[in-house]
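Fair warning: this is a prediction, and the values are worked out from it, not measured in the lab.
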Amino acid sequence: MGKKWMCAVLLLIAVVFTKCAGKPAKKIPEQPYAAGVIDSANYGTTYLYLLDENLKMTDTLKCPYYGVGSFGSAPVQVQDGVLYEKWFGNTVKPSKCAVAALDLQTGEWSEYSFEGGIIEDFRVNEKGIFVLRNAKEPSVEYCTFTGEESVSIKLEAQPGLSISANGYDVYFIANEGTYQESDGASEEKCFLYRVDVKDKSQEKILDVTEELGENILEYTMWRDGKMYIPNGDKLCIYEPKTNQVRQIALPGKEACKVLADGELLYIINGYANESGTDIYRFNPHTEEVASSCHIKESTLQCAIREGIFYTLQQEPVAKVCKYQFAEDGTCKKLSEAALDVENDDGHIISDMFVK
């Protein structure tokens with residue numbers, strides 16, 4: 001009788017422990033991977049293609065959200081092992097918009113919802129998530145990773161399509177008003193604004209009409225207290241300490257992205273078109289272009305880790321390439337892989353990430 005009673009107790013404990021423990025965490029695939037590509041859709045399943053070090057596809061995962069991806073308008077954003085992506089909602093529920101977060105270790109998705117309109121741009125840093133809404137009533141939204149109450153700040157100016165975050169400060173460029181040129185033509189004035197989400201303040205800090213009046217920004221970078229702004233045929237550098245913008249001439253005319261690796265910055269010249277991409281290695285200490293190289297692929301998205309440069313091409317074929325930069329600035333292709341993407345209606349390659 002004692003043995004039967006003991007077995008029953010042990011069985012009951014096992015059942016209770018199993019219920020309390022819950023389901024085991026999903027695993028991002030057992031095979032190692034180096035990079036991932038998002039194949040998004042306005043409706044239907046979003047797919048993640050995982051690639052190994054040689055860009056061989058090792059697995060395809062499904063994402064629970066529709067319309068995920070920044071389409072090259074924002075840098076690859078990974079913070080503490082979590083990938084963050086824009087979630088545009090879908091044609092059925094367009095008001096359901098959020099920043100979707102993928103834990104790169106467990107494969108679990110979560111979301112940070114922002115109801116009431118499409119997210120124009122967002123940035124992630126150690127402080128949290130910063131979102132730009134550029135609608136009838138533009139605003140900056142902020143939420144922390146710790147679940148504290150979110151902040152919403154209605155903007156006094158109509159911003160452009162891009163923001164930059166440094167600590168608790170959010171920067172954006174806005175065109176407003178007009179001025180008369182010597183030939184009688186009328187041009188818009190362009191200003192740099194700063195929003196502090198901590199004290200909920202905002203201010204017009206600088207007239208940047210000359211430097212950024214005709215901007216083609218995709219994204220910027222903060223490094224060592226300076227904001228680097230690639231813009232067409234120049235690199236603009238904003239320093240809050242002096243509240244000034246300097247301009248450095250670049251060889252090309254389509255600079256739109258900037259990355260960092262080690263001591264150098266990498267400026268990407270060329271949009272997601274078929275004309276290829278120029279890459280400038282920029283020394284921020286001397287403020288000179290150290291070297292440049294050309295690759296034949298267009299660049300929707302890119303990332304660099306320890307001299308290894310990954311690019312995602314959307315057109316004319318979906319393709320991922322892997323390059324290596326040498327110390328002399330030369331660039332050697334290590335591998336490439338065309339993506340066998342889903343052919344469902346509405347699918348499109350929307351972003352890439354590097355583990």
Side-chain angles (χ1 to χ4, degrees), residues 33-51 55-78 83-102 104 107 109 111 114 117-124 131-134 161-162 216-219 254 256-257 268 270-277 295-303 310-322 336-355:
Y33 75 99
V37 175
I38 299 175
D39 185 12
S40 194
N42 288 331
Y43 54 89
T45 304
T46 293
Y47 296 93
L48 273 69
Y49 307 123
L50 302 183
L51 313 172
L55 301 186
K56 178 182 177 182
M57 193 178 296
T58 62
D59 210 340
T60 300
L61 304 181
K62 293 182 179 180
C63 169
Y65 308 130
Y66 303 162
V68 173
S70 296
F71 297 90
S73 65
V76 176
Q77 302 195 71
V78 177
L83 169 73
Y84 295 88
E85 291 284 352
K86 270 195 285 191
W87 173 21
F88 288 91
N90 56 71
T91 54
V92 179
K93 296 180 179 180
S95 63
K96 180 62 174 178
C97 294
V99 173
L102 170 65
L104 296 176
W109 285 91
E111 65 180 78
F114 301 90
I118 293 176
I119 294 172
E120 192 69 65
D121 194 18
F122 84 104
R123 291 294 181 270
V124 175
V131 165
L132 171 67
R133 291 196 181 285
N134 193 353
L161 305 179
S162 178
I216 51 176
L217 306 182
E218 288 198 356
Y219 53 82
E254 294 185 338
C256 55
K257 293 178 170 69
I268 311 305
Y271 293 101
N273 51 40
E274 299 180 28
S275 62
T277 305
I295 62 176
K296 65 180 182 179
E297 291 82 17
S298 64
T299 306
L300 175 74
Q301 186 58 284
C302 54
Y310 293 85
T311 68
L312 173 64
Q313 175 179 274
Q314 186 184 69
E315 298 290 346
V317 295
K319 182 168 65 171
V320 176
C321 295
K322 181 179 178 180
E336 67 173 59
L339 299 171
D340 184 16
V341 299
E342 294 294 323
N343 293 319
D344 299 355
D345 290 342
H347 273 89
I348 185 171
I349 294 296
S350 62
D351 215 340
M352 174 194 72
F353 59 92
V354 176
K355 187 177 181 182

*asked:* List the residues meeting side-chain contact (heavy atoms from CB on, under 4.5 Å) with Ser70, not counting sequence neighbours, and say none if there are none.
replied: Ser73, Ala74, Glu85, Lys86, Phe122, Asp351
*asked:* The criterion is side-chain contact (heavy atoms from CB on, under 4.5 Å); which residues satisfy it with Ala35, sequence neighbours excluded?
replied: Tyr310
For [X] and [Y], work out which heavy atoms get closest and say how close.
X: Leu55; Y: Val320; answer: CD1-O, 3.4 Å
X: Ile38; Y: Thr46; answer: CG2-CG2, 3.8 Å
X: Asn134; Y: Leu161; answer: ND2-CD2, 3.8 Å

Pairwise distance [atom1]([X]) to [atom2]([Y]) - rounded to 0.5 angstrom:
X: Lys296; Y: Cys321; atom1: NZ; atom2: SG; result: 8.0 Å
X: Thr277; Y: Gln313; atom1: OG1; atom2: CD; result: 8.0 Å
X: Ser40; Y: Tyr65; atom1: OG; atom2: OH; result: 13.0 Å
X: Asp121; Y: Ile119; atom1: CG; atom2: CD1; result: 9.5 Å
X: Met352; Y: Leu339; atom1: CE; atom2: CG; result: 10.5 Å
X: Leu48; Y: Asp39; atom1: CG; atom2: CG; result: 9.0 Å

*Going by an N to O cut-off under 4.0 Å, is there a salt bridge joining Lys319 and Glu336?*
yes
*I would like to know whether Thr58 and Tyr49 meet side chain to side chain contact (heavy atoms under 4.5 Å, CB included); could you show each step before the answer?*
CA-CA 8 Å; Thr58 62; Tyr49 307 123; over 6 Å; no
_side-chain hydrogen bond (donor to acceptor under 3.5 Å, both in side chains) evaluation trace for Tyr33 with Asp59_ = CA-CA 9 Å; Tyr33 75 99; Asp59 210 340; over 6 Å; no
Is [X] reaching over with its side chain to a backbone N or O of [Y], donor-acceptor style, under 3.5 angstrom?
X: Gln314; Y: Ile349; result: yes
X: Gln77; Y: Val124; result: yes
X: Thr299; Y: Thr311; result: no

Answer whether the closest heavy-atom distance between the side chains of [X] and [Y] falls below 4.5 Å.
X: Cys63; Y: Trp109; answer: yes
X: Ser162; Y: Glu120; answer: no
X: Cys302; Y: Lys257; answer: yes

*Can you sort out the partners of Tyr219 under ring-ring contact (aromatic ring centres under 6.0 Å, His included), two or more places apart, ordered by chain and number?*
none
*For Lys322, enumerate each residue passing the salt bridge (charged side-chain N to carboxylate O under 4.0 Å, His left out) test, keeping only those at least two apart in sequence or located in another chain.*
Glu53
